[in-house]
There are 2 protein chains.
Amino acid sequence: MPVTIRDVARASGVHISTVSRTFSAPHLVNPETRVRVLACAEDLGYRPNRAARALITGRTHNIGLIIADIANPFFPPLIKAAESQARSRDYHVFVADTNEDPSAEEELVHALAKQVDGLLLCSPRMSNSLIEQLSREVPLVVVNRQLTGLPCVLMDVGQGARLAVDHLVGLGHRQIALLGGPRGSWTNREIRRSAAAAARAGGAELTVLGPNPPTEHGGIAQAEHVRRSGVTAALAYNDLMAIGLIEGLDALGVDVPRQVSVVGVDDITLSRLTRPKLTTVATPTAAAGRTAVDMLLQQDTDLPRAARGSGAGAAVGVRRTTAQVMLQTELVIRDSTGPGPHAGRGRSGAAPAGPGPHRRADPGDPVTVAGSDVAS
Amino acid sequence: MPVTIRDVARASGVHISTVSRTFSAPHLVNPETRVRVLACAEDLGYRPNRAARALITGRTHNIGLIIADIANPFFPPLIKAAESQARSRDYHVFVADTNEDPSAEEELVHALAKQVDGLLLCSPRMSNSLIEQLSREVPLVVVNRQLTGLPCVLMDVGQGARLAVDHLVGLGHRQIALLGGPRGSWTNREIRRSAAAAARAGGAELTVLGPNPPTEHGGIAQAEHVRRSGVTAALAYNDLMAIGLIEGLDALGVDVPRQVSVVGVDDITLSRLTRPKLTTVATPTAAAGRTAVDMLLQQDTDLPRAARGSGAGAAVGVRRTTAQVMLQTELVIRDSTGPGPHAGRGRSGAAPAGPGPHRRADPGDPVTVAGSDVAS
DNA sequence: ATGAAAGCGCTAACAA
DNA sequence: TTGTTAGCGCTTTCAT
């Protein structure tokens, strides 16, 4: 039988409430009593039952991570960081994989809601309105999506796309393709907008191809189009797609970077290992995981004790944290980009090969941003 | 305020126990009452509080996954499969990352023990005796480690290593290196034993290099040794190491597979994407995750209701499931292996290039094995 | 500083 | 078939 608070009380000759206090409010108990109780607890191997505790405090000390696809290499570092951060604050984390399915996502959120103090929605696929509705049931932090009035952790892929396009223009490319990601992705929209602006500013033409599935196959499938379109460079929605594109071009006999330069987004581990090594926009996924957990727990701490049980946020007059954090990205220049037809002219934006002087943005240096709405 | 069983009772004009029964023993309640209760529950958005339920039933309907390193690409497919399988049985899963640290592992197991009905230990790093002790506190299933009397899910990497060595011998290699994995890894020991036997049988000499960290760097670091040792082929503990080795050899001007053939183990997604594509022993990680969850929940179901609370297994006379499941592996031949100096002689064990007739072992076809002890 | 008592939301005998 | 009652392990007033 598992040892309960009562066993400890009996062993140390005090009332169970004293034992309880020893753990949840140590300063309220006589130091001598405390050590005695602690000793007995240690002895018996007592661990408070969190379910029982949750029942009365309304705090489970659990959080939930809703992930679009664990097998997508973008997510594991985020999960790892989030889990580690949560644990350091004595929280445990449920991980749930939605398989990129919006309705599975909704179901999961509901199933978990009662068991957690808050949820991290990572690259959610459901509609904004559903998310807003959910946020009334359970504290939420959204990663990679911007919603008015909700705490979000965003990666500045817009900035990244700008750096990427500048890099390509500097190398002498004037015809650039953009391989778009999934419809309705906030990240995708940001990339497109910034890439377009940067291309315009640099006197280059941007051809948007897509939307595409955010996978290797999405990239392979576009290789033929890329070749025919006559572009000399391409920016892909993510690394997986970029790697697929390189593969596809290779199969068509098109050399990367000699004939076409390719840039990805994410800097997944994989990107250092392919041949050629991928030039890419590094997104601070670990920092995002940590930050998101911090924001969630902050929210949790802020809530008045009265508003207990899940769905606490619904209580009248409760101040919500709605900070939106924008994490910086950086361009990592490797071997998949090279000189284009207009090389040597204009200002030398072309970085030298190798791990050149790429923009170094400290991932631990978030920029808080006033939240403004963006549809979907 | 969250809606409780009492709200539903009030709304449908029955006692709370009837509502309770409607959910946990529907057959005991009048169909008409049932639909009414269900309707009210639906209306109010009622969801049973699992913590409260757990408190009395002793079943949390949660399981825990203890993972050595989520960022290691070997694990995500396993996690994904396990989570999906668990959910289909209405279980939620805690994921905890130990960072390959045995003591973190122990701490985590204890922290989680009270909150789960069972734990999956994936490639555990702690000692056998500790695991055995733990298994008395909480139902356990161990993946990638064999212990007497404990349910284990094993991948037959021994068979895989044999296939790999046979393949190399068939290609005409007679001097083969084995890049060992971490000390104390069951997988490592199996690979070494089988590879040695297969080499002996094939008239080849096997040189063991290591132990090495199971990472890309582990492989890079051995490149120089491999070159100097004069072998013409190498089998690595895992794909990451194999990829690192290829990288390292490349840096030394040694061509793979022309001068040295390389084989990995695991068949992580990455391995299809490197150049050259990696020949490797595919381990059925998803099947392992599914199977392990099944075994755990089976155990859970078997336990008599009397033995409630966690640590149920400790009750006297409780029959434990101790089946050990061995999952088949297969050799996937890609581009990192080619003819060796003795090619053309002997029987043509050399498979043709391409996705040839490699051994097809159905991952859904486990072989149950009588458990026999293996230290560490 | 400690004890007594109530009760979190739910299930499980037992009665009716 | 339904209601009554007790209580899972814990925290938290309220007394003392």
Side-chain angles (χ1 to χ4, degrees), chain A residues 1-38 40-41 44-61 113-115 117 304-312, chain B residues 1-37 41 44-61 113-115 117 304-312:
Chain A
M1 271 304 267
V3 21
T4 81
I5 199 175
R6 236 175 294 267
D7 300 318
V8 179
R10 205 171 304 129
S12 46
V14 296
H15 195 262
I16 61 162
S17 48
T18 302
V19 178
S20 174
R21 275 188 283 260
T22 304
F23 287 93
S24 37
H27 58 279
L28 292 182
V29 58
N30 184 311
E32 296 178 23
T33 321
R34 190 177 4 179
V35 297
R36 189 155 37 93
V37 171
L38 252 17
C40 290
L44 301 175
Y46 169 72
R47 299 247 172 183
N49 180 325
R50 303 182 95 161
R53 183 179 279 180
L55 202 53
I56 187 161
T57 61
R59 293 264 126 94
T60 60
H61 262 243
K114 279 283 206 326
Q115 270 196 108
D117 296 340
R305 284 187 308 200
R308 72 150 125 63
S310 39
Chain B
M1 274 304 268
V3 20
T4 81
I5 200 175
R6 237 175 293 268
D7 300 318
V8 179
R10 205 172 305 130
S12 45
V14 297
H15 193 265
I16 61 163
S17 51
T18 302
V19 178
S20 173
R21 276 189 283 261
T22 305
F23 287 93
S24 38
H27 58 280
L28 291 183
V29 58
N30 185 311
E32 297 178 20
T33 321
R34 188 178 5 179
V35 298
R36 188 154 39 90
V37 171
L44 300 176
Y46 170 72
R47 299 246 172 182
N49 181 326
R50 303 183 106 175
R53 184 180 278 180
L55 202 51
I56 187 161
T57 61
R59 293 266 127 93
T60 61
H61 262 242
K114 280 284 205 329
Q115 272 197 105
D117 296 340
R305 282 186 308 199
R308 75 149 124 62
S310 38

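Lettering of chains follows the sequences in order, A, B, ..., and the numbering in each one begins at 1. Model, not experiment: these values are computed from the prediction.
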Considering only C:dC10, D:dT12, D:dC10, which nucleotide approaches the side chain of A:T57 most closely?
D:dT12

Using the side chain to side chain contact (heavy atoms under 4.5 Å, CB included) criterion, which residues pair with B:R34? Sequence neighbours excluded.
B:T22, B:P26, B:V29, B:P31, B:L38

Residue pairs meeting salt bridge (Lys or Arg N to Asp or Glu O under 4.0 Å), one or both in residues 22-32 of chain A, sequence neighbours left out, come to none

Angle of first-five versus last-five pair axes in the helix from C:dA1-D:dT16 to C:dA16-D:dT1, to 10 degrees:
30°

Can you list everything that forms a salt bridge (charged side-chain N to carboxylate O under 4.0 Å, His left out) with A:R47? Sequence neighbours excluded, please.
B:E107

So B:S20, base contact, sugar-phosphate only, or nothing? Heavy-atom distance under 4.0 Å.
base

Atom-to-atom span, CG of A:L55 to P of D:dT11 - whole angstrom:
11 Å

Kindly write out the residues that satisfy side-chain hydrogen bond (donor to acceptor under 3.5 Å, both in side chains) with A:D117, not counting sequence neighbours, or none if the list is empty.
A:T60

Nearest heavy atoms of A:R36 and A:S12, plus distance in Å
NH1-O, 2.5 Å

Candidates D:dT2, D:dT12, D:dG9 - which lies nearest the side chain of B:T18:
D:dT2

Measuring from the side chain of B:R6 (C-beta onward, heavy atoms only), which nucleotide among D:dG9, C:dA12, C:dC10 has the closest atom?
C:dC10

Within this structure, what is the CZ-to-P distance between B:F23 and C:dT11, rounded to whole angstrom?
9 Å

Could you state the CG-P distance from B:L28 to C:dC14, rounded to the nearest angstrom?
15 Å

Atom CZ of B:R47 and atom P of C:dC10 are separated, to the nearest Å, by 13 Å

Determine, step by step, whether A:N49 and B:L55 satisfy the side-chain contact (heavy atoms from CB on, under 4.5 Å) criterion, reporting the C-alpha distance in whole Å, the side-chain angles of both residues, the deciding distance to 0.1 Å, and the verdict.
CA-CA 9 Å; A:N49 180 325; B:L55 202 51; 4.1 Å; yes

Protein and nucleotides 4-6 of chain C: nitrogen or oxygen contacts under 3.5 angstrom:
from  : atom 1 : to    : atom 2 : distance (Å)
C:dA4 : OP2    : A:H15 : NE2    : 3.4

Just the rounded figure in Å: distance from C1' of C:dG9 to CG of B:L44.
15 Å

For residues 12-27 of chain A, the salt bridge (Lys or Arg N to Asp or Glu O under 4.0 Å) pairs (sequence neighbours left out) are none

When rounded to whole Å, the CZ to P distance for the pair A:R53 and C:dG7 reads 22 Å

Just to verify, what does A:R50 make a salt bridge (charged side-chain N to carboxylate O under 4.0 Å, His left out) with, not counting sequence neighbours?
A:D90

Can you check the B:Q115 CD to D:dC8 P distance for me, whole Å?
20 Å

Between P on C:dC8 and CD1 on B:I5, what's the gap in Å once rounded to a whole number?
13 Å

Any A:T33 side-chain N or O less than 4.0 Å from OP1/OP2 of C:dT2
yes

For B:L44, check side chain to side chain contact (heavy atoms under 4.5 Å, CB included) against everything at least two apart and list the hits.
B:V3, B:D7, B:V8, B:A11

